Amino acid sequence: MSEEKIEDESERTEQLHKRYEWLDQFRGLIIVLLIVSVITWPLSGDLLGGVTPIGPPLLNHGFQYYKGYSAIITIIDIGQQIFMFILGYVGFIAFSSRRDKKGIGAAWKHGIIRVAVLYGLALLADGLIGGLLLEGSIPWDEVLYKGTLANLAIGSFAAYLSIFLIPKKADVRIYLCMGILILHATLYFLPGFNHYGPVDGPLIFPWNALNHAAIAIAGTCFSQWYKLDPSDPNVGFKKRILPVSTIAIIAFYCFDWIQFAEHHDATTSLALLAIAASGFLIAVFYGFEKMNFKVPVLSEMGKNMLLLFIIAFIFDQYVGFLADGYRDFLIANPILTMILVGVLPIVIEAGIAMLLARKNIIVKI
């Protein structure tokens, strides 16, 4: 697609709905955290095997250090779920604006294309490159319902479907979200269900996909609540967004004593934590805008969030190369490691985002 065509598409989109600076700031923060998770992953090491981990453990998945029950959870373990919340949030804006101005057919066309592209990327990344090229076979479970991109596709479709079925009442859609969370938690308690895929257990069940759908639906509710009073977003924050986020964080705390948060299964406690964190974060960035405060570069990164997320996987190979061949050097030189591994990938991604913004290019994926 040429630059001119991309700009034309951006202009058409701008006519369909307003772009929120604070939302791009929020999206930018999440893409930074996702980039961090990609570059810390190859540095995990092996505590039991005597391979020293590199980098801050808080900024890596907890299961990379300890695989067991109950799982160790870090802030990175809800990054994928917050990403899913964002897609639900912006999905409501995109779907409803097209439905209202161009008709339901145009809205579904946009939604189906988005889901198809995400599944196409899942086939490419998890199936052909990560599977067939590196492992010799295509892991269809990762492509269809277990992988990150597959979950984003499933959650996005669930968000669009919920908006179609319950278009006017976010207060009703949130009960659909709660029902899915309760269903997931109930099934998770049952001994006949396998929690880790088709290899070890009697029943395959898409744990990740189910609660990602609930999180995406929650995102659509928060998005609609923002316009609870079209003339004053503060009303939506005060009456719905912040109260529901507070209830979610309390529910997470209580339920985590009963059924632990776990990344691979996206348990209900983890989903509640992600919904709460997402609600509080959008309030934070909305508040920043009201105070005329903006974090540099985050808006530019947020505008091309999915593209930068895909590019980030190149750095997984770069960091993996350093970790495999120069681990002792990285351990012995923490400042240089911080620059080469912790800072350089983010700076490069930020540079790409700034270049795209300067040329007014927003790549729709």
Side-chain angles (χ1 to χ4, degrees), residues 13-30 81-104 107 110-111 155-156 158-182 212-252 271-294 299 302 305:
T13 303
E14 189 68 27
Q15 293 172 359
L16 287 171
H17 56 80
K18 178 182 177 181
R19 188 163 202 106
Y20 300 105
E21 178 83 10
W22 63 266
L23 183 56
D24 282 333
Q25 287 267 297
F26 175 35
R27 286 153 57 107
L29 172 66
I30 300 309
Q81 287 71 38
I82 296 178
F83 197 105
M84 185 76 266
F85 180 95
I86 293 173
L87 290 189
Y89 193 102
V90 300
F92 175 81
I93 298 172
F95 190 92
S96 60
S97 61
R98 283 171 172 79
R99 179 200 62 207
D100 295 342
K101 296 178 181 179
K102 292 188 174 183
I104 193 65
H110 166 81
S156 295
Y160 298 137
L161 184 61
S162 72
I163 300 165
F164 174 71
L165 295 175
I166 313 172
K168 299 298 182 183
K169 298 194 176 188
D171 289 358
V172 175
R173 277 203 313 281
I174 198 66
Y175 287 110
L176 175 60
C177 164
M178 292 168 56
I180 295 173
L181 294 175
I182 293 170
H212 275 87
I215 293 167
I217 293 170
T220 70
C221 298
F222 280 61
S223 185
Q224 192 166 1
W225 286 331
Y226 178 77
K227 289 291 187 72
L228 191 64
D229 182 340
S231 64
D232 185 8
N234 291 340
V235 174
F237 278 103
K238 185 176 180 178
K239 290 188 175 181
R240 291 291 187 277
I241 293 175
L242 290 176
V244 171
S245 299
T246 302
I247 292 170
I249 197 71
I250 295 171
F252 153 73
L272 288 167
L273 177 59
I275 291 170
S278 299
F280 289 134
L281 280 170
I282 62 175
V284 166
F285 281 102
Y286 175 75
F288 281 177
E289 183 171 276
K290 292 291 138 183
M291 293 181 281
N292 295 317
F293 176 78
K294 185 172 74 170
S299 296
M305 181 178 66

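These numbers come from the heavy atoms of this one structure, side chains and all, not from hydrogens, waters or symmetry mates. Model, not experiment: these values are computed from the prediction.
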Practice problem: Indicate the atoms forming the closest heavy-atom contact of A276 with S245, along with that distance. | Solution: CB-O, 3.5 Å
Practice problem: Would you give the length of the straight line joining atom CD1 of I82 to atom CD1 of I86, rounded to the nearest 0.5 angstrom? | Solution: 7.5 Å
Quiz item: If you round to the nearest 0.5 Å, how far is CZ of F85 from SG of C221?
Solution: 9.0 Å
Quiz item: Of all heavy-atom pairs between S156 and M84, which one has the smallest distance, and what is that distance?
Solution: N-CE, 3.5 Å
Quiz item: C177 and A214: which non-hydrogen atoms are nearest, and at how many Å?
Solution: SG-O, 3.3 Å
Exercise. To the nearest 0.5 angstrom, please state how far the CG atom of D229 sits from the CG atom of N234.
Key: 9.5 Å
Quiz item: Would a 4.5 Å heavy-atom cut-off, applied to side chains only, mark M305 and L87 as touching?
Solution: yes
Quiz item: With no hydrogens and no angle check, is any side-chain donor or acceptor of R27 less than 3.5 Å from a backbone partner on G302?
Solution: yes
Quiz prompt | Atom pair NZ/CG of K294 and D24 - distance to nearest 0.5 Å | solution = 10.0 Å
Quiz item: Hey, is the main chain of K168 close enough, under 3.5 Å, to the side chain of Q224 for a donor-acceptor pair?
Solution: yes
Practice problem: Might you point out which heavy atoms bring T220 and A159 nearest each other, and give the distance in Å? | Solution: CG2-CB, 3.7 Å
Exercise. Would you confirm whether R173, through its side chain, and I166, through its main-chain N or O, come within 3.5 Å as a donor-acceptor pair?
Key: yes
Quiz item: Are the side chains of L273 and I249 in touch, meaning some heavy atoms are under 4.5 Å apart?
Solution: yes
Quiz item: At what distance, to the nearest 0.5 angstrom, does OH of Y160 lie from NE2 of H110?
Solution: 4.0 Å
Quiz item: Got a second to check how far W225's CH2 is from L242's CG, nearest 0.5 Å?
Solution: 11.0 Å
Quiz item: Going by heavy atoms in the side chains, are L165 and L176 under 4.5 Å from each other?
Solution: no
Quiz item: Relative to the ring of F293, is the ring of F288 parallel (under 30°), tilted (30 to 60°) or perpendicular (over 60°)?
Solution: perpendicular
Self-check item: Residues I215, S278; criterion side-chain contact (heavy atoms from CB on, under 4.5 Å); working and verdict
Solution: CA-CA 10 Å; I215 293 167; S278 299; 5.9 Å; no
Quiz prompt | Pair Y89 + F222: ring centers closer than 6.0 Å | solution = no
Exercise. Dump the intermediate steps for side-chain contact (heavy atoms from CB on, under 4.5 Å) on F285 and L29, then the final yes or no.
Key: CA-CA 10 Å; F285 281 102; L29 172 66; 3.7 Å; yes
Quiz item: With a 4.5 Å heavy-atom cut-off, do L228 and F237 have their side chains touching?
Solution: no
Practice problem: Hey, can you tell me if Y286 and W22 have their rings parallel, tilted or perpendicular (30° and 60° cut-offs)? | Solution: perpendicular
Practice problem: Heavy atoms only: give me the nearest A158-I217 pair and the separation to one decimal. | Solution: O-CG1, 4.0 Å
Quiz prompt | Criterion side-chain contact (heavy atoms from CB on, under 4.5 Å) on I163 and R99, from CA distance to verdict | solution = CA-CA 10 Å; I163 300 165; R99 179 200 62 207; 3.8 Å; yes
